[in-house]
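Please read these numbers as outputs of a predicted model, since none were measured by experiment.
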Amino acid sequence: MTRHARNCTAGAVYTYHEKKKDAASSGFGTSSRRLGKDSVKSFDCCSLTLQPCHNPVITKDGYLFDKEAILTYIITKKKDHTRKMKEYERQLKQDEEEQNEKLNAENKKKLDKFISTEKNIISTKVANPADEIPSTSGAISNVSLGKRKELPSFWVPSQTPAAKIARIEKPDGKIYCPISNKPLKAKDLIDVKFTLVKDASDKKSLIAKENRYMCAVTHDILNNSVPCAVLKTTGDVVTMECVEKLIKKDMIHPLSNEKLEESDIIPLERGGTGFAITNDNLQAKEERPALQC
């Protein structure tokens, strides 16, 4: 009989529990673990730098950026477009030059052929027809008139076919948002104004605080689990609950009493990086070699 204990090694059967335990300790098999909050971008972090925004701006699609980061991105894309456009114009100029050279070469070839044909027309009088010798001056050699260059001399390095340069398509002048991939302009960026949580007892720095901002109207604490919206006219951040229960009744800004439209309420995209998004089951699997017994 086998001995029943935690370190039993006398069993004839390699149980599933033992296999799973050995796989976890040896690095084999599939390991599943739930991701923590550090894997999700905070609602007040830049979508490019993934760091808290010092000067936050938002696009009309609700993506938050640090103003310095997004303007640097736009300037870089504009420089890249200018460089590609110069390459495209250089290609067009080169195509035009090649077309002119080809046209000139065809005209020269026709002229040479005409001159050669005129020279080969020779009228000679022979005294004795029996002494007439067939003339070969009318025959055109395969290597005359520059046809030597047209022969398939593939063994000569200078005659080998050259690889054609890839064609450059005309670059798109639009700049697209790095997250939504929709057209983006610097003038469309909207300044965002977060309302700081006023807590005199909390001496931590702004980045170290867990509760940094609150709703500008209801003073509810903002975090990734609270849907938020930005009021376009002033840039204030409020909760969606405040929008549904207070603002949408009269469509008037609670702080400035301005008339609002539906487009003035921009839902703030929360969390989510290229790795995970908010409100989903954040679970990652790492495939490892299976341990065979």
From CA spacing to verdict: side-chain contact (heavy atoms from CB on, under 4.5 Å), T234, H253: CA-CA 9 Å; T234 60; H253 197 300; 2.8 Å; yes
Donor-acceptor pair, side chain of D80 and main chain of T76, under 3.5 angstrom: no
Single-linkage hydrophobic cluster, 4.5 Å side-chain cutoff, Y63 and V192 together: no
Spacing of C53 atom SG and I58 atom CD1 [to the nearest 0.5 Å]: 10.0 Å
Check: S42 side chain, C45 main-chain N or O, donor-acceptor pair, under 3.5 Å: no
Polar side-chain atom of E258 near backbone of T233 as donor-acceptor pair, under 3.5 Å: no
ILVMFWY cluster, V57 and I190 together (side-chain gap under 4.5 Å): no
Any donor-acceptor pair under 3.5 Å from S116 side chain to D112 backbone: no
Other residues, nucleotides, ligands: >12 heavy atoms within 6.0 Å of H54 NE2: no
Pairwise distance CG(D191) to CG(N55) - rounded to 0.5 angstrom: 6.5 Å
CD/E97: more than 12 non-hydrogen atoms of other groups inside 6.0 Å: yes
Passing option when P171 is tested against R83, K84, K86, E87 for side chain to side chain contact (heavy atoms under 4.5 Å, CB included): K84
Lys/Arg N to Asp/Glu carboxylate O, K248 vs E262, below 4.0 Å: yes
Taking every non-hydrogen atom, the tightest pair across L222 and V226: CD2-CG1, 4.5 Å
Sidechain N-carboxylate O distance under 4.0 Å for R167, D95: yes
Any donor-acceptor pair under 3.5 Å from N104 side chain to N100 backbone: yes
Gap between atom NZ of K78 and atom OG1 of T82 - 0.5 Å precision: 9.0 Å
Contact check, side chains of I247 and I252, non-hydrogen atoms, under 4.5 Å: no
Check: F43 main-chain N/O paired with N224 side-chain donor or acceptor under 3.5 Å: yes
Verdict with supporting geometry, E106 and K110, salt bridge (charged side-chain N to carboxylate O under 4.0 Å, His left out): CA-CA 6 Å; E106 290 179 357; K110 291 179 181 179; 5.6 Å; no
Side-chain donor or acceptor of D172 paired with backbone N/O of K174 under 3.5 Å: yes
Atom pair CG (D236) and SG (C215), whose distance is rounded to the nearest 0.5 Å: 9.0 Å
Spacing of CD belonging to E68 relative to SG belonging to C46, to within rounding of 0.5 Å: 10.0 Å
Single-linkage hydrophobic cluster, 4.5 Å side-chain cutoff, L268 and L231 together: no
Chi angles and distances behind the salt bridge (charged side-chain N to carboxylate O under 4.0 Å, His left out) call for D250, K259: CA-CA 9 Å; D250 301 322; K259 188 67 177 177; over 6 Å; no
Side-chain donor or acceptor of S47 paired with backbone N/O of L64 under 3.5 Å: yes
side-chain contact (heavy atoms from CB on, under 4.5 Å) assessment of D66 paired with L48: CA-CA 8 Å; D66 197 328; L48 283 176; over 6 Å; no
Side-chain donor-acceptor contact under 3.5 Å, E241 with T239: no
Pairwise distance SG(C177) to CG(L189) - rounded to 0.5 angstrom: 9.0 Å
More than 12 heavy atoms of other groups within 6.0 Å of Q99 CD: no
Hydrophobic cluster membership, F194 vs L196, 4.5 Å side-chain cutoff: yes
Hydrophobic cluster identity match, Y176 and I179, side-chain contacts under 4.5 Å: no
Note, L184 side chain near T59 side chain (heavy atom, < 4.5 Å): yes
